[in-house]
Amino acid sequence: MSEFGRFIENSRKQKGLSKSELARRLSITPQYMADIEKGRMIPSEEKIEKLVTALELNEKEAFKLADKLPLRVLAEAKQEYYRHGS
C-alpha cells in the first residue's frame, strides 16, 4: 500500500464512508477506488481534486503524497520563470 493510498483510506474511514459511497461520489467504480487505496493506481489530477473535496483534505498534502504537481501550479511556475527572463 502506498502512502497516498493509506492517506485516502484513513481519510475515507474517518468520514464514515464506504469505498462504494466514495466511488459513487467520484463517479468511479468501487474497484478503481480499491486500486487507489491499495496503491495499485494513482488517480489523475482531476480525481485527486475530487478526493480532496469529497474528503475535505489538505490539497498540498494529497498531491505531495500522490507525487504529483497540479497543472495550474506548473503553469504558474512557468509564468514566473519566463517573467524573470531566466
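Being a predicted model, the structure only gives us computed values, none of them experimental.
With sequence neighbours left out, Lys13 forms a salt bridge (charged side-chain N to carboxylate O under 4.0 Å, His left out) with Glu9. Partners of Gln14 by side-chain hydrogen bond (donor to acceptor under 3.5 Å, both in side chains), not counting sequence neighbours: none found. For Glu49, there are no side-chain hydrogen bond (donor to acceptor under 3.5 Å, both in side chains) partners, not counting sequence neighbours. Among residues two or more places apart in sequence or in another chain, the side-chain contact (heavy atoms from CB on, under 4.5 Å) test is passed with Ser2 by Phe4. Legend: residues meeting side-chain contact (heavy atoms from CB on, under 4.5 Å) with Arg25, ordered by chain and number and at least two apart, are Leu17, Glu21. Under the rule for a salt bridge (charged side-chain N to carboxylate O under 4.0 Å, His left out), Lys47 has no partner lying at least two apart in sequence or in another chain. Residues passing the side-chain hydrogen bond (donor to acceptor under 3.5 Å, both in side chains) test with Asn10, sequence neighbours excluded: none. Residues satisfying the side-chain hydrogen bond (donor to acceptor under 3.5 Å, both in side chains) criterion with Arg6, sequence neighbours excluded, are absent altogether. Under the salt bridge (charged side-chain N to carboxylate O under 4.0 Å, His left out) criterion, Lys38 pairs with no residue at all, not counting sequence neighbours.
Across all non-hydrogen atoms, the minimal contact from Ile42 to Ala66 is CG2-O, 3.8 Å. Minimum interatomic distance between Ala62 and Val52 (heavy atoms only, all atoms of both residues): CB-CG2, 3.7 Å. For Ile8 against Leu57, the heavy-atom pair with the smallest separation is CD1-CD1, 3.8 Å. Annotation for Arg40 and Gln31: closest pair NH2-NE2, 3.7 Å, computed over non-hydrogen atoms. Smallest separation of non-hydrogen atoms from Glu37 and Arg12: OE2-NE, 2.5 Å.
Counting only residues at least two apart or in different chains, side-chain hydrogen bond (donor to acceptor under 3.5 Å, both in side chains) contacts with residues 53-67 comprise Lys15-Glu56, Glu59-Arg72.
Looking at Ile28 and Leu22, their side chains never come closer than 4.5 Å, going by heavy atoms from C-beta outward. Side-chain contact between Leu51 and Met33 is present, with heavy atoms from C-beta onward closer than 4.5 Å.
Residue Lys19 holds its NZ atom at 9.5 Å from CG of Asp35, rounded to the nearest 0.5 Å. The CD atom of Glu3 sits 10.0 Å away from atom CZ of Phe7, with the distance rounded to the nearest 0.5 Å.
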